[in-house]
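Below: one structure, written as C-alpha coordinates.
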Amino acid sequence: YPPRLANAKVVRGASEEQLASLRELAMDRVGVRSWGALLDAVEERRMASEGRRGLVEAFEAPDAVRAIFEPLCLGVAAALRWQRPGSEFSLNDVQLCAYGVGDYFARHLDDETRGRQGRRRLTTVLALSDAADYRGGELELDGELIRLEAGEAAVFEAGSCWHAVRPVESGLRVSLVFGLFWNSDPATVLLDRDGVVNRDVGSPGVVRVDQLQVFDGVADAIVDLRRRGHRIVLVTNQSAVRKGELARETLDIIHRDLLRQLGAQRETDDDFFDKIIYATGLDDDTPQLKPAPDMLLRALEQEVTTRAVAVGDSENDVVAAHRAGVPVLLVTSSHHGRRCLESLRLHAPSLRPTTAVDDLDAAAATLQKAIEDRRPRAYLRCDDDIAPVAAVFDSAPVALRTLALYLATARRTRGLLLAL
Ligand SMILES: O=C(O)CCC(=O)C(=O)O
Ligand SMILES: [Fe+2]
(Lines give C-alpha, C1' and ligand atoms only; values in the text may rest on other atoms or scores of the structure.)
(Ligands and ions follow the chains in the order given, each with its own letter.)
Protein backbone atom coordinates (compact mmCIF):
# COMPACT_ATOMS: atom_id res chain seq x y z
CA TYR A 1 0.00 0.00 0.00
CA PRO A 2 1.12 3.52 -0.62
CA PRO A 3 3.50 4.17 2.25
CA ARG A 4 3.80 7.86 1.59
CA LEU A 5 0.28 8.78 2.62
CA ALA A 6 0.63 10.78 5.78
CA ASN A 7 -3.02 11.21 6.49
CA ALA A 8 -4.62 8.10 5.08
CA LYS A 9 -4.36 4.41 5.72
CA VAL A 10 -5.69 1.36 3.90
CA VAL A 11 -6.67 -1.53 6.15
CA ARG A 12 -8.77 -4.65 6.08
CA GLY A 13 -12.10 -3.19 7.09
CA ALA A 14 -14.54 -6.09 7.12
CA SER A 15 -14.31 -9.86 7.39
CA GLU A 16 -15.92 -12.09 4.76
CA GLU A 17 -19.11 -12.42 6.80
CA GLN A 18 -19.24 -8.73 7.53
CA LEU A 19 -18.73 -7.98 3.86
CA ALA A 20 -21.60 -10.30 2.95
CA SER A 21 -23.91 -8.60 5.45
CA LEU A 22 -22.91 -5.13 4.27
CA ARG A 23 -23.70 -6.16 0.68
CA GLU A 24 -27.12 -7.40 1.81
CA LEU A 25 -27.69 -4.09 3.51
CA ALA A 26 -26.71 -2.17 0.36
CA MET A 27 -29.10 -4.24 -1.79
CA ASP A 28 -31.88 -3.73 0.77
CA ARG A 29 -31.42 0.01 0.76
CA VAL A 30 -31.62 0.25 -2.99
CA GLY A 31 -34.44 -2.30 -3.13
CA VAL A 32 -32.79 -4.85 -5.38
CA ARG A 33 -32.51 -8.60 -4.95
CA SER A 34 -29.15 -9.23 -6.58
CA TRP A 35 -25.80 -7.55 -6.80
CA GLY A 36 -26.04 -7.38 -10.59
CA ALA A 37 -29.36 -5.54 -10.35
CA LEU A 38 -27.56 -2.68 -8.62
CA LEU A 39 -26.18 -1.63 -11.97
CA ASP A 40 -29.69 -1.12 -13.37
CA ALA A 41 -30.59 0.88 -10.27
CA VAL A 42 -27.61 3.15 -10.91
CA GLU A 43 -28.72 3.65 -14.50
CA GLU A 44 -32.21 4.59 -13.32
CA ARG A 45 -31.29 6.79 -10.41
CA ARG A 46 -28.03 8.35 -11.49
CA MET A 47 -27.41 11.66 -9.79
CA ALA A 48 -26.43 14.38 -12.17
CA SER A 49 -25.13 16.95 -9.75
CA GLU A 50 -21.94 18.88 -10.31
CA GLY A 51 -18.85 16.79 -9.62
CA ARG A 52 -20.74 13.79 -8.29
CA ARG A 53 -22.54 11.16 -10.22
CA GLY A 54 -23.68 7.61 -9.79
CA LEU A 55 -26.09 6.57 -7.08
CA VAL A 56 -25.76 7.98 -3.59
CA GLU A 57 -27.97 6.93 -0.68
CA ALA A 58 -27.44 8.20 2.84
CA PHE A 59 -29.12 6.50 5.78
CA GLU A 60 -28.70 6.03 9.49
CA ALA A 61 -26.13 3.37 10.27
CA PRO A 62 -27.64 0.30 11.98
CA ASP A 63 -25.85 -0.85 15.14
CA ALA A 64 -24.27 -3.82 13.39
CA VAL A 65 -22.69 -1.42 10.93
CA ARG A 66 -21.48 0.91 13.64
CA ALA A 67 -19.88 -2.04 15.33
CA ILE A 68 -17.73 -2.54 12.23
CA PHE A 69 -16.81 1.05 11.61
CA GLU A 70 -16.26 2.54 15.05
CA PRO A 71 -13.34 0.33 16.09
CA LEU A 72 -11.90 0.64 12.61
CA CYS A 73 -11.87 4.45 12.65
CA LEU A 74 -10.70 4.72 16.23
CA GLY A 75 -8.04 2.08 15.82
CA VAL A 76 -6.53 3.81 12.82
CA ALA A 77 -6.78 7.22 14.49
CA ALA A 78 -5.05 5.93 17.59
CA ALA A 79 -2.35 4.08 15.67
CA LEU A 80 -1.53 7.15 13.63
CA ARG A 81 -1.95 9.54 16.55
CA TRP A 82 -4.14 11.79 14.50
CA GLN A 83 -6.45 12.62 17.29
CA ARG A 84 -6.96 11.07 20.65
CA PRO A 85 -10.00 8.90 20.35
CA GLY A 86 -12.31 9.05 23.32
CA SER A 87 -15.92 8.56 24.16
CA GLU A 88 -17.03 11.84 22.69
CA PHE A 89 -17.48 10.85 19.07
CA SER A 90 -20.31 9.81 16.85
CA LEU A 91 -20.79 8.39 13.41
CA ASN A 92 -22.37 10.28 10.62
CA ASP A 93 -25.00 8.53 8.58
CA VAL A 94 -23.56 5.86 6.39
CA GLN A 95 -23.54 6.59 2.68
CA LEU A 96 -23.82 4.07 -0.09
CA CYS A 97 -22.14 5.08 -3.36
CA ALA A 98 -22.50 3.14 -6.59
CA TYR A 99 -20.71 4.19 -9.73
CA GLY A 100 -21.51 2.90 -13.21
CA VAL A 101 -19.61 3.63 -16.42
CA GLY A 102 -18.61 7.30 -16.58
CA ASP A 103 -19.49 7.98 -12.96
CA TYR A 104 -16.93 9.66 -10.73
CA PHE A 105 -16.58 11.81 -7.62
CA ALA A 106 -14.64 15.05 -8.10
CA ARG A 107 -11.74 15.97 -5.79
CA HIS A 108 -12.91 17.31 -2.46
CA LEU A 109 -12.39 17.43 1.30
CA ASP A 110 -15.04 16.01 3.65
CA ASP A 111 -14.64 19.01 5.84
CA GLU A 112 -18.11 19.59 7.16
CA THR A 113 -19.29 20.70 10.55
CA ARG A 114 -22.57 19.43 11.88
CA GLY A 115 -24.07 21.60 14.57
CA ARG A 116 -23.85 19.91 17.91
CA GLN A 117 -21.84 17.03 16.51
CA GLY A 118 -18.79 19.15 16.01
CA ARG A 119 -16.39 18.62 13.20
CA ARG A 120 -15.97 15.64 10.94
CA ARG A 121 -12.57 14.18 11.68
CA LEU A 122 -12.31 10.95 9.78
CA THR A 123 -13.76 9.39 6.68
CA THR A 124 -13.77 5.66 6.01
CA VAL A 125 -14.45 4.32 2.53
CA LEU A 126 -15.11 0.59 2.53
CA ALA A 127 -15.16 -1.23 -0.81
CA LEU A 128 -18.12 -3.54 -1.39
CA SER A 129 -17.20 -4.39 -4.99
CA ASP A 130 -14.38 -6.71 -5.93
CA ALA A 131 -11.62 -4.76 -7.63
CA ALA A 132 -12.00 -7.13 -10.59
CA ASP A 133 -15.63 -6.03 -11.08
CA TYR A 134 -14.73 -2.70 -12.64
CA ARG A 135 -12.03 -0.79 -14.45
CA GLY A 136 -11.07 2.78 -13.55
CA GLY A 137 -12.84 4.00 -10.41
CA GLU A 138 -9.64 4.26 -8.37
CA LEU A 139 -9.81 6.11 -5.12
CA GLU A 140 -7.42 9.03 -5.30
CA LEU A 141 -6.07 10.01 -1.89
CA ASP A 142 -3.66 12.91 -1.72
CA GLY A 143 -2.80 12.26 -5.34
CA GLU A 144 -2.16 8.51 -4.89
CA LEU A 145 -4.34 6.10 -6.83
CA ILE A 146 -5.63 3.19 -4.80
CA ARG A 147 -7.58 0.17 -5.91
CA LEU A 148 -9.48 -1.18 -2.95
CA GLU A 149 -10.22 -4.88 -2.79
CA ALA A 150 -13.64 -5.86 -1.47
CA GLY A 151 -13.68 -5.50 2.32
CA GLU A 152 -10.73 -3.14 2.37
CA ALA A 153 -11.16 0.29 3.82
CA ALA A 154 -9.34 3.55 3.35
CA VAL A 155 -9.42 5.69 6.46
CA PHE A 156 -8.33 9.30 6.16
CA GLU A 157 -8.47 12.68 7.80
CA ALA A 158 -11.64 14.29 6.56
CA GLY A 159 -10.41 17.85 6.73
CA SER A 160 -6.95 17.53 5.18
CA CYS A 161 -6.93 14.62 2.76
CA TRP A 162 -8.09 15.64 -0.72
CA HIS A 163 -9.74 12.74 -2.45
CA ALA A 164 -11.66 11.73 -5.54
CA VAL A 165 -13.06 8.71 -7.30
CA ARG A 166 -11.71 8.43 -10.86
CA PRO A 167 -14.25 7.76 -13.61
CA VAL A 168 -15.36 4.17 -13.87
CA GLU A 169 -14.53 2.79 -17.31
CA SER A 170 -16.46 -0.44 -17.11
CA GLY A 171 -18.44 -2.45 -14.58
CA LEU A 172 -19.81 -1.30 -11.23
CA ARG A 173 -17.99 0.15 -8.22
CA VAL A 174 -19.85 0.16 -4.89
CA SER A 175 -18.58 1.66 -1.64
CA LEU A 176 -19.84 2.49 1.84
CA VAL A 177 -18.66 5.80 3.27
CA PHE A 178 -18.66 6.82 6.91
CA GLY A 179 -17.84 10.03 8.68
CA LEU A 180 -16.67 10.07 12.26
CA PHE A 181 -17.43 13.24 14.22
CA TRP A 182 -15.99 14.36 17.48
CA ASN A 183 -18.99 15.59 19.39
CA SER A 184 -17.70 18.40 21.39
CA ASP A 185 -15.15 21.07 20.97
CA PRO A 186 -11.99 19.98 22.61
CA ALA A 187 -10.94 21.99 25.62
CA THR A 188 -7.46 23.32 26.18
CA VAL A 189 -6.09 22.68 29.64
CA LEU A 190 -3.43 25.17 30.68
CA LEU A 191 -1.40 23.23 33.17
CA ASP A 192 1.13 24.74 35.54
CA ARG A 193 4.25 22.64 36.18
CA ASP A 194 6.00 23.03 39.54
CA GLY A 195 3.85 22.05 42.51
CA VAL A 196 1.23 20.62 40.14
CA VAL A 197 2.88 18.07 37.85
CA ASN A 198 6.06 17.72 39.90
CA ARG A 199 6.94 18.40 43.51
CA ASP A 200 7.79 22.02 44.29
CA VAL A 201 11.36 22.30 45.53
CA GLY A 202 11.30 25.93 46.67
CA SER A 203 13.27 28.82 45.25
CA PRO A 204 14.81 29.00 42.68
CA GLY A 205 12.91 25.95 41.42
CA VAL A 206 14.05 22.80 39.68
CA VAL A 207 17.48 23.60 38.24
CA ARG A 208 18.89 20.06 38.10
CA VAL A 209 17.33 16.91 36.67
CA ASP A 210 17.71 15.05 39.99
CA GLN A 211 15.34 17.55 41.65
CA LEU A 212 12.48 16.65 39.35
CA GLN A 213 9.93 14.36 40.96
CA VAL A 214 6.66 13.84 39.15
CA PHE A 215 3.61 13.26 41.36
CA ASP A 216 1.96 9.84 41.18
CA GLY A 217 -1.09 9.54 38.98
CA VAL A 218 -0.40 12.61 36.86
CA ALA A 219 0.49 10.63 33.74
CA ASP A 220 -2.78 8.64 33.74
CA ALA A 221 -4.85 11.75 34.29
CA ILE A 222 -3.17 13.60 31.42
CA VAL A 223 -3.46 10.67 29.03
CA ASP A 224 -7.13 10.25 29.89
CA LEU A 225 -7.88 13.89 29.03
CA ARG A 226 -5.94 13.64 25.79
CA ARG A 227 -7.70 10.43 24.81
CA ARG A 228 -10.94 12.34 25.16
CA GLY A 229 -9.66 14.78 22.56
CA HIS A 230 -8.61 17.62 24.84
CA ARG A 231 -5.35 19.49 24.56
CA ILE A 232 -2.88 20.03 27.35
CA VAL A 233 -0.42 22.87 27.27
CA LEU A 234 2.18 23.20 30.00
CA VAL A 235 2.59 26.88 30.98
CA THR A 236 5.40 27.39 33.45
CA ASN A 237 7.35 30.26 35.01
CA GLN A 238 11.09 29.52 34.97
CA SER A 239 12.53 32.72 36.36
CA ALA A 240 15.67 30.85 37.48
CA VAL A 241 16.79 31.42 33.89
CA ARG A 242 16.75 35.16 34.42
CA LYS A 243 18.53 34.76 37.73
CA GLY A 244 21.32 32.90 35.95
CA GLU A 245 20.68 29.70 37.91
CA LEU A 246 19.23 27.67 35.06
CA ALA A 247 20.54 27.44 31.51
CA ARG A 248 17.94 26.99 28.80
CA GLU A 249 19.71 23.83 27.67
CA THR A 250 19.29 22.42 31.17
CA LEU A 251 15.63 23.41 31.12
CA ASP A 252 15.22 21.44 27.88
CA ILE A 253 16.92 18.44 29.51
CA ILE A 254 14.61 18.76 32.52
CA HIS A 255 11.60 18.78 30.22
CA ARG A 256 12.85 15.69 28.44
CA ASP A 257 13.20 14.01 31.82
CA LEU A 258 9.71 15.13 32.74
CA LEU A 259 8.36 13.30 29.68
CA ARG A 260 10.49 10.29 30.54
CA GLN A 261 9.17 10.15 34.12
CA LEU A 262 5.57 10.51 32.93
CA GLY A 263 6.19 7.73 30.40
CA ALA A 264 7.70 5.54 33.11
CA GLN A 265 4.53 5.94 35.21
CA ARG A 266 2.57 4.32 32.43
CA GLU A 267 5.29 2.25 30.80
CA THR A 268 4.31 3.71 27.45
CA ASP A 269 5.53 6.35 25.05
CA ASP A 270 2.40 8.50 25.05
CA ASP A 271 2.66 12.14 24.19
CA PHE A 272 1.74 14.10 27.27
CA PHE A 273 1.62 17.73 26.17
CA ASP A 274 0.49 19.44 23.04
CA LYS A 275 2.99 22.16 23.79
CA ILE A 276 5.32 23.35 26.52
CA ILE A 277 5.48 27.11 26.98
CA TYR A 278 7.76 28.71 29.52
CA ALA A 279 8.59 32.23 30.62
CA THR A 280 12.10 33.09 31.76
CA GLY A 281 11.60 36.65 32.96
CA LEU A 282 14.33 37.68 30.54
CA ASP A 283 13.72 40.53 28.20
CA ASP A 284 13.75 38.17 25.22
CA ASP A 285 11.37 36.40 22.90
CA THR A 286 9.67 34.40 25.65
CA PRO A 287 6.33 35.54 27.06
CA GLN A 288 6.01 37.50 30.30
CA LEU A 289 6.00 35.58 33.57
CA LYS A 290 2.68 34.82 35.24
CA PRO A 291 0.72 36.62 36.69
CA ALA A 292 0.80 38.20 33.23
CA PRO A 293 -1.65 36.26 31.04
CA ASP A 294 0.80 36.09 28.10
CA MET A 295 1.60 32.39 28.21
CA LEU A 296 -2.04 31.41 28.50
CA LEU A 297 -3.07 33.70 25.69
CA ARG A 298 -0.24 32.41 23.55
CA ALA A 299 -1.36 28.84 24.19
CA LEU A 300 -4.89 29.73 23.12
CA GLU A 301 -3.90 31.88 20.17
CA GLN A 302 -3.60 29.08 17.67
CA GLU A 303 -6.40 27.00 19.09
CA VAL A 304 -9.94 27.08 17.94
CA THR A 305 -11.46 26.40 21.30
CA THR A 306 -14.54 27.50 23.11
CA ARG A 307 -13.28 25.93 26.29
CA ALA A 308 -10.14 26.58 28.23
CA VAL A 309 -9.39 25.80 31.86
CA ALA A 310 -6.21 26.52 33.83
CA VAL A 311 -4.83 24.36 36.62
CA GLY A 312 -2.28 25.84 39.02
CA ASP A 313 -1.07 25.99 42.60
CA SER A 314 -0.23 29.64 43.15
CA GLU A 315 -1.55 33.16 43.30
CA ASN A 316 0.35 33.80 40.05
CA ASP A 317 -1.61 31.04 38.32
CA VAL A 318 -4.96 32.23 39.64
CA VAL A 319 -4.37 35.84 38.64
CA ALA A 320 -2.89 34.95 35.23
CA ALA A 321 -5.95 32.81 34.47
CA HIS A 322 -8.26 35.59 35.59
CA ARG A 323 -6.45 38.06 33.33
CA ALA A 324 -6.69 35.63 30.42
CA GLY A 325 -10.41 35.18 31.07
CA VAL A 326 -10.02 31.48 31.83
CA PRO A 327 -11.47 29.64 34.84
CA VAL A 328 -8.87 28.15 37.14
CA LEU A 329 -8.70 25.10 39.37
CA LEU A 330 -6.41 25.50 42.35
CA VAL A 331 -4.43 22.51 43.57
CA THR A 332 -2.96 22.43 47.07
CA SER A 333 -0.10 20.00 46.50
CA SER A 334 2.53 22.62 47.29
CA HIS A 335 3.11 25.16 50.05
CA HIS A 336 2.00 27.90 47.61
CA GLY A 337 -1.23 26.04 47.09
CA ARG A 338 -1.81 25.59 50.81
CA ARG A 339 -1.08 29.29 51.39
CA CYS A 340 -3.61 30.21 48.70
CA LEU A 341 -6.16 27.98 50.39
CA GLU A 342 -5.56 29.82 53.68
CA SER A 343 -6.27 33.16 52.00
CA LEU A 344 -9.37 31.77 50.32
CA ARG A 345 -10.59 30.54 53.70
CA LEU A 346 -10.54 34.06 55.08
CA HIS A 347 -13.62 34.61 52.95
CA ALA A 348 -14.88 31.06 52.68
CA PRO A 349 -14.02 29.36 55.99
CA SER A 350 -15.60 26.03 55.13
CA LEU A 351 -13.70 25.61 51.88
CA ARG A 352 -12.03 22.18 51.58
CA PRO A 353 -10.07 20.78 48.66
CA THR A 354 -11.66 17.86 46.85
CA THR A 355 -9.59 14.75 47.43
CA ALA A 356 -9.31 11.45 45.64
CA VAL A 357 -11.71 9.84 48.08
CA ASP A 358 -14.46 12.38 47.46
CA ASP A 359 -17.21 11.73 44.99
CA LEU A 360 -15.84 12.89 41.67
CA ASP A 361 -19.28 13.08 40.06
CA ALA A 362 -20.41 15.54 42.70
CA ALA A 363 -17.17 17.46 42.25
CA ALA A 364 -17.80 17.60 38.49
CA ALA A 365 -21.31 18.96 39.11
CA THR A 366 -19.82 21.63 41.37
CA LEU A 367 -17.36 22.50 38.64
CA GLN A 368 -20.23 22.83 36.20
CA LYS A 369 -21.89 25.35 38.52
CA ALA A 370 -18.65 27.21 39.04
CA ILE A 371 -17.84 27.46 35.35
CA GLU A 372 -21.15 27.60 33.54
CA ASP A 373 -23.29 29.32 36.14
CA ARG A 374 -20.35 31.49 37.07
CA ARG A 375 -20.45 30.60 40.72
CA PRO A 376 -16.80 30.12 41.68
CA ARG A 377 -16.02 28.43 44.97
CA ALA A 378 -13.97 31.37 46.23
CA TYR A 379 -12.16 34.56 45.35
CA LEU A 380 -8.52 35.32 45.81
CA ARG A 381 -7.70 38.93 46.59
CA CYS A 382 -4.30 40.11 45.52
CA ASP A 383 -3.18 43.61 44.72
CA ASP A 384 -5.81 45.17 42.51
CA ASP A 385 -7.36 41.91 41.44
CA ILE A 386 -10.14 39.84 42.83
CA ALA A 387 -9.63 36.59 41.01
CA PRO A 388 -12.21 33.81 41.11
CA VAL A 389 -11.18 30.21 41.80
CA ALA A 390 -13.57 27.72 40.22
CA ALA A 391 -12.65 24.83 42.52
CA VAL A 392 -9.94 23.55 44.84
CA PHE A 393 -8.35 20.07 44.68
CA ASP A 394 -5.67 18.43 46.75
CA SER A 395 -3.72 17.24 43.71
CA ALA A 396 -3.49 17.55 39.95
CA PRO A 397 -4.72 14.00 39.23
CA VAL A 398 -7.93 14.67 41.16
CA ALA A 399 -8.36 18.05 39.47
CA LEU A 400 -7.78 16.58 36.01
CA ARG A 401 -10.04 13.58 36.55
CA THR A 402 -12.83 15.85 37.74
CA LEU A 403 -12.23 18.13 34.78
CA ALA A 404 -12.49 15.17 32.37
CA LEU A 405 -15.85 14.22 33.90
CA TYR A 406 -17.10 17.78 33.72
CA LEU A 407 -15.99 18.28 30.11
CA ALA A 408 -17.75 15.08 29.07
CA THR A 409 -21.09 16.43 30.26
CA ALA A 410 -20.59 20.17 29.86
CA ARG A 411 -23.24 22.17 28.13
CA ARG A 412 -21.76 23.83 25.12
CA THR A 413 -20.52 27.27 25.80
CA ARG A 414 -20.84 30.35 23.70
CA GLY A 415 -18.10 32.81 22.95
CA LEU A 416 -14.44 32.19 22.58
CA LEU A 417 -13.40 31.91 26.16
CA LEU A 418 -15.27 31.34 29.34
CA ALA A 419 -14.75 34.16 31.77
CA LEU A 420 -16.07 33.78 35.27
O1 LIG B 1 -17.07 6.38 -2.92
C2 LIG B 1 -15.96 6.68 -2.52
O3 LIG B 1 -15.00 5.90 -2.59
C4 LIG B 1 -15.68 8.03 -1.90
C5 LIG B 1 -16.92 8.87 -1.73
C6 LIG B 1 -16.60 10.15 -1.01
O7 LIG B 1 -15.54 10.68 -1.06
C8 LIG B 1 -17.65 10.82 -0.17
O9 LIG B 1 -18.76 10.32 -0.09
O10 LIG B 1 -17.34 11.86 0.44
FE1 LIG C 1 -15.42 12.31 0.39
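Atoms within a ligand are numbered from 1 in the order they appear, just like the ligands themselves.
To the nearest 0.5 Å, the span separating CG on Asp257 from CZ on Arg208 amounts to 13.0 Å. Taking CG from Leu329 and OG1 from Thr402, the interatomic distance works out to 8.5 Å, rounded to the nearest 0.5 Å.
Comment: Arg401 does not engage Asp224 in a salt bridge, judged by the lack of any side-chain N to carboxylate O separation of less than 4.0 angstrom. Using a 4.0 Å cut-off between charged nitrogen and carboxylate oxygen, Arg46 and Glu43 count as a salt-bridge pair.
Remark: among candidates Arg173, His163, Arg107, the nearest residue to atom 3 (O) of ligand 1 is Arg173, based on non-hydrogen atoms.
Across Thr236, Asp192, Asn316, a single residue satisfies side-chain hydrogen bond (donor to acceptor under 3.5 Å, both in side chains) together with Lys290, and that is Asp192. Checked options His336, Gln213, Arg193; the residue passing with Asp200 is His336 (criterion: side-chain contact (heavy atoms from CB on, under 4.5 Å)).
Near Val165, with a cut-off below 4.0 Å to any heavy atom, the atoms of ligand 1 are 1 (O), 2 (C), 3 (O), 4 (C). If you number the atoms of ligand 1 from 1 as listed, the ones under 4.0 Å from a heavy atom of Ser175 come out as 1 (O), 2 (C), 3 (O). Close approach of ligand 1 to His108 (heavy-atom distance below 4.0 Å) involves ligand atoms 6 (C), 7 (O), 8 (C), 10 (O). Annotation for ligand 1: atoms under 4.0 Å from non-hydrogen atoms of Asp110 are 10 (O). Atoms of ligand 1 found under 4.0 Å from any heavy atom of Leu139, numbered from 1 in the order shown, are 3 (O).
Nearest protein heavy-atom neighbour of atom 1 (O) of ligand 1: Tyr99 OH, 2.5 Å. Shortest contact from atom 6 (C) of ligand 1 to any protein heavy atom: Phe105 CE1, 3.7 Å. In this structure, the protein non-hydrogen atom closest to atom 9 (O) of ligand 1 is Gln95 NE2, 2.8 Å.
Aromatic ring orientation, Phe156 versus His163: tilted (interplanar angle from 30° to 60°).
Contacts between Val56 and ligand 1 below 4.0 angstrom, taking non-hydrogen atoms only, are absent altogether.
Within Asp110, the N, O or S atom at minimum distance from the Fe ion (ligand 2) carries the name OD1.
Residues Glu140 and Tyr104 have side chains that never bring a donor and an acceptor to within less than 3.5 angstrom of each other.
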